[in-house]
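Just so you know, these numbers come straight off a predicted model, no measurement behind them. Here is the naming used below: chain letters follow the sequence lines, and residue numbers restart at 1 for every chain.
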2 protein chains.
Amino acid sequence: MSRAEPSRSHGNGSPTDTRLSRATVQRFSLYLRHLQSLLREGAQTVSSTQLGDALGITDAQVRKDLAYLGNLGQPGIGYPARDLIAALRQRLGIDRTWATVIVGIGNLARALLHHRGFEQQGFRFVALFDADPAKIGQKVNHLEISPMDKMAQIVARRGAELGVVAVPAEAAQKVSDALVNAGIRGILNFAPTVLRLPPSVALVSVDLAVQLEQLAFLVHLNREDHGEP
Amino acid sequence: MSRAEPSRSHGNGSPTDTRLSRATVQRFSLYLRHLQSLLREGAQTVSSTQLGDALGITDAQVRKDLAYLGNLGQPGIGYPARDLIAALRQRLGIDRTWATVIVGIGNLARALLHHRGFEQQGFRFVALFDADPAKIGQKVNHLEISPMDKMAQIVARRGAELGVVAVPAEAAQKVSDALVNAGIRGILNFAPTVLRLPPSVALVSVDLAVQLEQLAFLVHLNREDHGEP
DNA sequence: GGATGTGAACGACTTCACAGCG
DNA sequence: CGCTGTGAAGTCGTTCACATCC
C-alpha cells in the first residue's frame, strides 16, 4: 500500500484560520516582493489588475488570494501597499527572523550566502556545516564552516530553526536526520532525492534536474506542435 | 484586464497525443531517476506500489501517470524497468542531447556546471556568458566565459537551444530578450523576477526566495497548530 | 494472488460574473 | 465609474474501487 501525507490539521482555531493552498502561499511571496518594489517607487495604492498584470496572474486570482488577508481592499481604490505588505509578511510568518543553517558548503551554498535578499526578507544564516575535514574552519561570508558532529550543539546554541541541505544525494537522508535530531523544524532540500522526515518537520524540495527536464519537455512539445521533430 | 497564458495547442495529432499536466511531467522525472537507480541495482521489473512508496506518491497516481506512456505494465507482474526508462526519456524529450548555455557565471552557475548528472541526463553546457569584463576569458570546467555581445554568434554556432539565466533580477529581462533573439527555445530562470517571453519560448522559473518563504510559512503553521506562537 | 488500467467520485484550484461600495 | 469581495461555475488533478488479466 502507498501512503501519502493527508496534510494533518486539527486546528484549535487561530485568529485567521483559513487554510491556504500551496499555490496561494507561493503567490503571496510574489505579491510581497513586487509590492516592496512598488512601495520603493512611491506607490501608495495598488489594484488587483495592476498586481496581476505585473506577475502574470488574473485579477480575480489576485483578489481571491488577498481576500485571505482580511478586507484590506477599498472598492474603487485598491489596496494600500504598506498594509498589504505588513499583512503578507505576518501571514507568511516572516515578520520575524529565521535563523538558518546550511549543510554542504559547495557552490550552491555560496550562491545562497552571497545573495543579499534572503537576509532582507527575514532569513539569517547562522551556521555552516560540511563533512569535508579540509573545509572545517574556512570562512564564507564571515561564517566559519563547522564539522557535522557539532551540529546539535551549534544549532541549539544559535537557535536555528531552518536547515538547507546542499549535499550529494547519497548523503542527504543522513544529513536530514541529523538536522531533525538537532531540533531543526524545516528543511529546504536541494539534493536530488526524496527525503523521509517526521511530519512535525516541514519540507520543501527544489530539484534542479526535474526543472531542467521540465524545460526540455516543454521545448520538445513546442517542436512537435509546430511540425519539426 | 489581466492576461494569463491559456496554453495554446491546436495539435495536429502526434503519435502519443495526450496533454500531460505539469505535475505529471515532474513526476516523470522522478520516476526516471529512481528507475535508473533500481536498474543499476539489477531490478528487472517494478510495480506501481514499489515506485510510489519510494517517491511518496500513491500507487494509483503512479499507474495513472505511467498509463500515458502506453500499456507497458503487465498485470500481476509490474512494469519492465528498461522499457519504462526508454519510454520516459522519449516522452520527456531527453532521448537526445540538449545544448545549453548559462548566462551569469556566479556561484549558482558553477554549482550547475560542477554537478555531474545533468550531462548524464542529456544536457550539455556548451557556452557561458557574463557581463563582467573581468570574467571574460576565464575558464570554468573547460568552458571559457564569453562576453554578452558574442551571444547570438556563439549560440548559433554551437546549436544551443536552452539557456539558464543566473543573473541579478535587474538584468534578467534584458538577458532573456538577448537569449530569445539569439534563437534559444527555452529558458530556466533563477532570477527573482517574472519574465516576459514570446509564447514560442518555453519558460521554467526557480525562485529560491519563494521556496524559502514557503518553508518558513509551513513551519510557522506547524507552530500555530501546536499552541506555541 | 498480485498487479495493471480506468471510469467515477472527489477534492483543489481558477475563472466568471456580478452585487455592492467608495 | 472603478475596483473589491465572493458565490457559482468551470477546470484540473488525485484518489477510489473494481473489472481485468497474468
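- The distance from atom CD of A:Gln61 to atom P of C:dA17 is 16 Å, rounded to the nearest whole Å.
- If you measure from atom CG of A:Leu51 to atom C1' of D:dC3, you get 13 Å, rounded to the nearest angstrom.
- Checked by atom type and distance alone, the side chain of A:His114 pairs as donor or acceptor with a backbone atom of A:Arg110 at under 3.5 Å.
- With B:Thr100 contributing its side chain and B:Trp98 its backbone, the two residues share a donor-acceptor pair below 3.5 Å.
- When atom types are taken as modelled, the side chain of A:Gln173 and the backbone of A:Arg196 share a donor-acceptor pair closer than 3.5 angstrom.
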Extract from the structure each pairing of a protein N or O with an N or O of nucleotides 3-7 of chain C at less than 3.5 Å, listing the distance.
residue	atom	partner	partner atom	Å
C:dA3	O4'	B:Gly76	N	3.1
C:dT4	OP1	B:Ser48	N	2.7
C:dT4	OP2	B:Ser48	OG	2.6
C:dG5	OP1	B:Gly73	N	3.2
C:dG5	OP2	B:Tyr79	OH	2.7
C:dG5	N7	B:Arg63	NE	2.9
C:dG5	O6	B:Arg63	NE	3.4
C:dG5	O6	B:Arg63	NH2	3.2
C:dG7	O6	B:Lys64	NZ	3.0

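- Across every non-hydrogen atom of A:Tyr68 and A:Thr24, the tightest pair is CD1-CG2, 4.1 Å.
- Counting only N and O atoms by type, the side chains of A:Thr97 and A:Arg124 include no donor and acceptor under 3.5 Å apart.
- Under the ring-ring contact (aromatic ring centres under 6.0 Å, His included) criterion, B:His115 pairs with B:Phe118, sequence neighbours left out.
- If you take CG of A:Leu84 and C1' of D:dG5, they are 14 Å apart, rounded to a whole angstrom.
- For the OP1/OP2 pair of D:dG13 and a distance below 4.0 Å, the side-chain nitrogens and oxygens of A:Arg22 include no atom meeting the criterion.
- For D:dT15, one of the phosphate oxygens OP1 or OP2 lies less than 4.0 angstrom from a side-chain nitrogen or oxygen of B:Thr58.
- Taking atom CZ of residue A:Arg27 and atom P of nucleotide C:dA12, one finds them 15 Å apart after rounding to whole Å.
- Contact check, A:Arg19 against C:dA12: no side-chain N or O comes under 4.0 Å of OP1 or OP2.
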